[in-house]
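A short worksheet on the structure shown next.
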Amino acid sequence: MNKNQKDWIDITSGVNVRKCMRCGKCSATCPSYDEMEYHPHQFVYMVEKGDIEPLLNSESLYKCLTCFACVERCPRGVEPAKVIEAVRLTAVRQQGNNHLIPDRIPEMLDDDLPQQAIVTAFRKYTK
Amino acid sequence: MQVNENFEPVIVAFCCNWCSYAGADLSGTNRLNYPANVKIIRVPCSCRVNPIFILRAFQRGADGVIICGCHPGDCHYTSGNYFTRRRITLLYSMLDFLGIERNRTRLEWVSAAEGAKFADTMNKFVEDVKKLGKNRRLEDLRCRKQ
Amino acid sequence: MQRIGVFVCHCGTNIAATVDVKAVAEALSHEPGVVISQDYQYMCSESGQDLVKNAIKENNLTGVVICSCSPRMHENTFRKAAASVGLNPYLVEIANIREQCSWIHKDIASATEKAIILGKAAVAKVHLNTPLTAGESPVVKRALVIGGGIAGIQTALDIAEAGFDVDIVEKEPTIGGKMAQIDKTFPTLDCAACILTPKMVEAAQNEHITIHSFSEVTDVKGFVGNFTVTVKKKARFVDETKCTGCGLCTEKCPMKKVPNEFNMGLDNRTAVYIPFAQAVPKVATIDPNYCLMLKNGKCGVCSKVCSAGAIDYKQTDKFIEQKYGAIVVATGFNPIKPDKYDEFAYSYCPDVVTSLELERLMNAAGPNGGTLLRPSDKTHPHTIVFVQCVGSRCDDEKGKPYCSKICCMYTAKHAMLIREKYPDTEVYVFYIDVRTPGKNFDEFYRRAVEQYNVHYIKGMVGKVSPKADGKIDVQASDLLSNEQLHINADMVVLATAIEPDKTARPLATMLTTQMDTNDFFTEAHPKLRPVESATAGIFLSGACQGPKDIPETVAQASAAAAKAIGLLCKNSITCNPCVAHSDELMCNGCSSCEKVCPYGAITYQDKEFRMPDRTTAIRRVASVNPAVCQGCGACTVACPSGAMDLNGFSNSQIMAEVDAICK
Amino acid sequence: MQEAMIKRAKELLADGTVNRVIGWKRGEFVYDSTPAVFGTADEIDAEFVFDDFTQANVSKYLVKESKKDGKILAFLKPCDTYSFNQLVKEHRIIRENVYVIGIPGGPKLDIEKIKAKGITGILNVKNVNYTLEIETLYGTEKLPFYEAISGKCADCKSKKHVVYDELIGEDGDVLDSNRFDMVEKLENMTAQERYDFWRGELSKCIRCNACRNVCPACTCENCVFDNPKSGIENKAAADSFEENMFHIIRAFHVAGRCTDCGECSRVCPQHIPLHLLNRKFIKDINSLYGEYQAGADTTSKSPLTDYRADDCEPSIVHERGVE
């Protein structure tokens, strides 16, 4: 377990994951549930355990729509989306870890996607 | 106004036994924080608080005096706090008339169930008195702490 | 010369964790008059009290200061201890260094400093304490029970059993409360009405019990043993003494579109109504919001059909005043309305119901005569989803932070009853935890799973979406199989949190009792005095004190009754010796004190006084009746000459405290 | 007027209605007349005086006098009748033992105002058509009457006698006075200005206790400031706090009882406007709890021993005026 990484996520998310009472309402409410390898409640639980590596390497990070349904409906005010965002930022900020490879861009393109988004994403996810 | 960060005011709180003292206890039971500057004196009813006590507190070095009683209509003794309200209103008005800072004195109604209100009230009052700084207008020089 | 003992309590770590108790004892040992200053783990324990007693004897103490918890907690304990070794109990002062110091502050240095100052103030005060002797005040041998649910009924029956008169004040037209609305009870599945209604009848017939239905407490004055309570008997526009409960008026009333609150608004009643067949008192009530006669002055059908002549459109609210020795609060609970939770679609989908609504839907006296039908289209539901913890254990302002305690069990009951009666129905229960501590409770829940094949799924429902075909899509997570489910349901039942009745808070204010932030009444001690409030003579019965199921409620109701009986059995209670007294030499006889005395305790008499030069003068002076005086001290401030003072809280004592605090 | 009063006093003494008379007697100078009790017609003839300087309120003396044997005749000006009534209400004066003759009030003269004009060596003062002809050691000076009237008369609240057994002269009415103007002016200052004003005034106090001793509301058997047990016993103010303390507590103790007779300021040798403290309370009481005039009757409840459930909260002090 990487304690520094856990602390960092606690700080950047501003979330107290220990408030979670494991009801699973976040995952029950998640529109991207089926796309995700790890579901919102798992993010919260795994961050609490300090089991963060698998999350950092999972595509699930980029499947979260940040729709905040989980934040809205969590009865304990845990805000899972903020946890996911914090893990995502941790991943993004890791040096030399390119999350967007130029070769893969053509297959992702579609007509509705604004060019600006690709440029921004490229800047953001390439280190 | 210049605020002295290190200034720790002496606050005397007169609390009626039935409501506000119980409210203060409740804020303790609920572990609600308020500054240690506040020292509570238990009185049976807010109407027991003689203006002399308030002046005495200022004389002896208090920087703020707050009286807490049951909400009007809920006095354990039926009418005590109604008398308090008139007396203390007039007294505070007189102190104001003499140019004593208004925020050094307060009267609040805190019920036995309002632990949170008690803590909030005290936090607010201490903050207000801190802004005013040391009591100088109604102090007794002989009691001034060196 | 005063010989004062100071005793500083650790209260385990309650005080000692934030206050350096040794330093407090040390600092106070240097105060004038202090001859012994000690600290101890638990001062209120037997050995702690012995420590105090021995110190009093060995050191011949003239005053005692205990630095401990609030005087509201243990002042009496230490006063009794002092009295047992011959020290006047009123020579004991408490410095509150727990509730008002160690529990409030986190910084040890400042908390210790404050504790020392509070201790010094108490020492300064005890220097001026005088021995006092308590008088006695009589106990009115009558109890008031506020709330006529099962808790109130049980308390009233038990008090009446002991031979005391007891009045029940119930705000609804009938007693019975929530239990009357329930169909079956867990874990025995016996019919609620079958066990409740005989008790209601028993209460009505008991010669010691008076039921004030459709009434509210509007004012409470007085103190333990001697409360004066004003009860408003709301106008029901029917003469209770004449109405026979025949129900003819309710049959003939043309205004039939009034939502029936007894059936949770699932069907309608008439403007003149009897809430349910077994209502006690079985008397009709006219709802002035709907009655055509009361609204427009046109109708009068009920009056015409009533052969008893009981209808009285001119009836007004009546106020009755009565004295009581004890008051028992049994105001009960209500389920919250889950309409703030948009995801559960309660406010716009009729087939999403609360558990109490389901009780009515399944009840033989309910809107469907006991057949479970969907409210929307009156068809049999084949898939029912139960959602637990709706609004309970919530950290936000929509719900309640506590566990409502009863939902796990009644949900298991509902699931089981449905599976029993309609085996073709699939029942899903979404739970976070299943909490079944109680006799035969877990066995009951396991029966629902094992015998009745109810699908218990660990997880929460995230979204309830009514669909065009009348079905309801329930999106939920199954945490154990780690998948998101979609259940095509016909009905959704929400196990909503319960909250104290809305009348509780204003009542607490009238009674000067404590409440917690959730509006549950606070007991005098959470472990040792669970059915008493901190205010003497006020007792707590049932769910007004916290979520409870029926057996617990009844147990607490009887316990509260026992406490009330214990009080009513006494002919008198020791009264407070901290009363006002007037110094005749100072008194001007100006009557200011008399005018502010709420008890009429002050009278005047002409007394002869010796004056200088061997003359005498007759002066009018005040005297206080110590049996009547309650010790508020209003007179002491009204008195311009300072003649009036208060025992136990004298001018000099309070000023000594002020000085000690400000020093 | 003086003649009519003397005549009536002697009649009442003669027919036994009263056995004493309280009025004023001439002092060493024409302007320092003082209250006095007369037992015989001869004493009255010799010393009784009633003129533009006899403004002392004799009500307070009746606390003691009314407890003596026999009935006493008291001459009360309108303002004095309020004090009298208030003391009757407080059971301090035994009404049956006093025969009250209402006499016209002022305006009375304030000798200090005359002296302030630089007029010294005063031998006699005559009012000739509202011009004062002042006979001095150095000749005669003239001064318009209204330039020398006493402060308490300038703010006169009432010419009406609220109690009397008989009247000499006409009864008047309650007046519209501007007596709260100065209080209002102070209220509109900043707290610092008010503080400076009162510090300037109260620091002059020498604790001669004249205000207390003359005050018809301060009739305690034993004043808290003289009582070692009260905790605030104080013979002379040691510092600014005690100067404030005495006057705040004194004003508070007479609040709701003070009839605004103005004697405190009149007798103050340091010319501290003490009546402003009392008027502040009266003004507050009137505006917050309804118009109330202490001494106007003997039955109404004093505002400080009364309440209403919907009284204003003390925060009203914070909300109004200037900080």
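Naming convention: chains lettered A, B, ... in sequence-line order (proteins, then strands); numbering from 1 in each chain.
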Most heavy-atom pairs under 4.5 Å with chain C, out of D:Arg92, D:Arg257, D:Lys67, belong to D:Arg92
Taking atom CZ of D:Arg308 as the centre, does the number of heavy atoms from other residues, nucleotides or ligands within less than 6.0 Å exceed 12? no
Practice problem: Count the heavy atoms belonging to other residues, nucleotides or ligands that lie under 6.0 Å from NZ of C:Lys234, then report whether that count exceeds 12. | Solution: yes
Most heavy-atom pairs under 4.5 Å with chain C, out of D:Leu304, D:Asn222, D:Val254, D:Asp306, belong to D:Asn222
The interface call for D:Ser302 against chain C, heavy-atom contacts under 4.5 Å, is neither
So CZ of C:Arg620 and CD of D:Glu90: to nearest 0.5 Å the spacing works out to 10.5 Å
Step through the shown structure and confirm whether more than 12 heavy atoms of other residues, nucleotides or ligands are within 6.0 Å of CG on D:Asp69. no
Practice prompt. Quick one: do C:Asp583 and D:Lys229 satisfy salt bridge (Lys or Arg N to Asp or Glu O under 4.0 Å)? Show the steps, please.
Written response: CA-CA 11 Å; C:Asp583 182 340; D:Lys229 281 199 283 177; 3.3 Å; yes
Rounded to the nearest 0.5 angstrom, the NE2-CZ distance for D:His91 and C:Arg619 is 14.5 Å
Interface check, chain D: of C:Gly642, C:Gly589, C:Cys639, most non-hydrogen pairs under 4.5 Å belong to C:Gly589
So NZ of D:Lys301 and OG of C:Ser591: to nearest 0.5 Å the spacing works out to 11.5 Å
_Could you check whether any side-chain heavy atom of D:Cys220 comes within less than 4.5 Å of a side-chain heavy atom of C:Pro640, counting everything from C-beta outward?_
yes
Okay, C:Cys593 and chain D: the region with an atom under 4.5 Å from a heavy atom over there is neither
**OP:** Inspect the surroundings of NZ in C:Lys595 and state if more than 12 heavy atoms from other residues, nucleotides or ligands are less than 6.0 Å away.
**Re:** yes
Practice prompt. Answer whether the closest heavy-atom distance between the side chains of C:Met586 and D:Asn227 falls below 4.5 Å.
Written response: yes
Expected contact set for residues 274-284 of chain D against chain C at heavy-atom separation under 4.5 Å reads none
